[in-house]
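Being a predicted model, the structure only gives us computed values, none of them experimental.
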Amino acid sequence: MTLAPNATSPISHIVTTSEDKNQPGRSAWKGVATPFQAVSRPLSITLSVLVWGAVIGGWFALTYSGAVKEMFLPRPESVLFTTINMALDGSLWEHVLASVQVVLIGFVISSIVAVPLGLTMGTYRIVQAALDPLVNFIRYLPVTSFVPLFILWIGIGIEQRVAVIIFGIFFQQLVMIADSARGVQRDLVNAAYTLGTKRSDTVFHIVFPATLPNVLDVLRVTMGWAWTYLVVAELVAARSGLGYISLKAMRGFQVDVIFMAIALIGILGLCTDQLFRGIRRLVAPWAN
């Protein structure tokens, strides 16, 4: 009897298993090198610590060896002392809260409109036909070019900064959520019709639950984009915020302040990312 090319021989399976038992290191490596194979939490934490240690170690090496001048790359302790001093005098918290306020207000307003509109756009072809050309045109426009217009139209208050965040993420959210809605299985929709669901209830009773994990992923990704647009939002006429102090420090060659502001934006972005991961695990456990 001959085995098909893609068949697995029982004998070869026994031999492979025996070899793996005799070589536990090889077996462990095959486990982590297998595509989509789960990684244990201790191993994940260890790898993360090693990578961060390598980055920080490289930072120390570059600054203390003199390979890079301190005016271009500050020493780690300089950034740490600057952060502590600004935290103690209270100015740091003022800037952090101002940035968090801008990002959250812009993100919430954008998401409240983009989620239902994106689901509707992905479900009903007539809505897609009407909005798709305009949305795909606007989402390629550079956000920075609209900052002067927002100042002219809205003014120089917090509304202008919030508008920059909304413009930066709204149309991207719309397209990504609509794509998720278009991916809903038609059999699921037809089965709901058979059970008596009204066609007008399709979006929120069928499409939204089916796309909930993807919608949360879209919100998690676009929240990261909102943090990246923060500096653009605080580019002109701002008086507080992490982007503001970063730009102000650039004029005075205060590289330690710039690094501090960048690091804090990254930390805040990481916190919101983990928040959305937790929400996804809580409300859509079947998709984890």
Side-chain angles (χ1 to χ4, degrees), residues 35-41 44-45 47-48 96 99-125 127-128 131-132 135-136 138-140 143 161-192 197 200-230 232-233 264-288:
F36 306 110
Q37 180 68 28
V39 178
S40 64
R41 184 167 182 80
S44 177
I45 294 174
L47 293 174
S48 299
V96 169
S99 293
V100 169
Q101 183 182 21
V102 169
V103 170
L104 289 184
I105 293 175
F107 178 80
V108 169
I109 293 175
S110 176
S111 302
I112 287 175
V113 179
V115 170
L117 184 59
L119 293 174
T120 304
M121 184 176 168
T123 304
Y124 296 99
R125 295 295 178 88
V127 179
Q128 177 188 354
L131 297 181
D132 208 37
V135 170
N136 282 305
I138 296 177
R139 73 188 183 97
Y140 287 109
V143 178
R161 283 168 273 166
V162 170
V164 171
I165 301 297
I166 293 174
F167 187 83
I169 66 174
F170 173 76
F171 298 99
Q172 312 296 336
Q173 286 180 326
L174 205 59
V175 170
M176 296 169 70
I177 292 173
D179 287 342
S180 297
R182 278 192 289 271
V184 173
Q185 296 181 3
R186 300 298 181 269
D187 292 341
L188 183 64
V189 178
N190 293 332
T197 301
S200 58
D201 295 334
T202 301
V203 173
F204 291 105
H205 287 179
I206 305 171
V207 177
F208 179 64
T211 60
L212 181 58
N214 290 336
V215 169
L216 291 173
D217 286 338
V218 169
L219 296 180
R220 179 171 66 88
V221 171
T222 52
M223 171 59 90
W225 292 351
W227 284 110
T228 63
Y229 285 120
L230 178 63
V232 177
L264 287 175
I265 291 173
I267 291 171
L268 291 170
L270 182 61
C271 291
T272 54
D273 184 85
Q274 293 301 313
L275 176 63
F276 272 103
R277 287 177 182 269
I279 293 173
R280 189 181 191 275
R281 285 193 295 267
L282 182 64
V283 303
W286 66 88
N288 297 321

Is there a side-chain contact between Met121 and Ile177 (heavy atoms, below 4.5 Å)? no
Set of residues satisfying side-chain contact (heavy atoms from CB on, under 4.5 Å) with respect to Thr123, sequence neighbours excluded: Ala181, Thr202, Val203, Val207
With rounding to the nearest 0.5 angstrom, report the CD1 to CE distance, Ile169 to Met176. 11.0 Å
Shortest non-hydrogen separation from Gly106 to Ile166 and the atoms involved: O-CG1, 3.4 Å
Partner residues of Asp179 under the salt bridge (charged side-chain N to carboxylate O under 4.0 Å, His left out) criterion, sequence neighbours left out: Arg182
Looking at Ser44 and Arg41, would you say the former's side chain and the latter's main chain have a donor-acceptor pair under 3.5 Å? no
Here the gap from Leu275 atom CG to Leu270 atom CG, rounded to the nearest 0.5 Å, amounts to 11.5 Å
Value rounded to 0.5 Å, distance of OG1 in Thr120 from CD in Gln128: 12.5 Å
Main-chain N/O of Gly269 paired with Asp273 side-chain donor or acceptor, under 3.5 Å: no
Indicate the atoms forming the closest heavy-atom contact of Thr211 with Ser180, along with that distance. CG2-O, 3.4 Å
How far does CG of Leu230 sit from CD1 of Ile265, to the nearest 0.5 angstrom? 5.0 Å
Give me the atom names and distance for the closest heavy-atom approach of Val143 to Phe167. CG2-CD2, 4.1 Å
So Val162 and Val103, do their side chains get closer than 4.5 Å, heavy atoms only? no
Between Gln172 and Thr222, is there a side-chain donor-acceptor contact under 3.5 Å, judged purely by atom types and distance? no
Where is the tightest heavy-atom contact between Leu219 and Ser111, given as atom of each residue plus distance? CD2-OG, 3.5 Å
To the nearest 0.5 Å, how far apart are OG in Ser110 and CD1 in Ile105? 13.5 Å
With ring centroids as reference points, do Phe107 and Phe276 lie under 6.0 angstrom apart? yes
Among Tyr229, Trp227, Trp225, the one residue meeting side-chain contact (heavy atoms from CB on, under 4.5 Å) with Ile165: Tyr229
Can you measure from CG (Leu117) to CD (Gln173) and round to the nearest 0.5 angstrom? 11.0 Å
With heavy-atom distances below 4.5 Å as the criterion, would you say the side chains of Arg220 and Arg280 are in contact? no
Looking only at heavy atoms, the pair that brings Pro209 and Pro213 closest together is O-CD, 4.3 Å
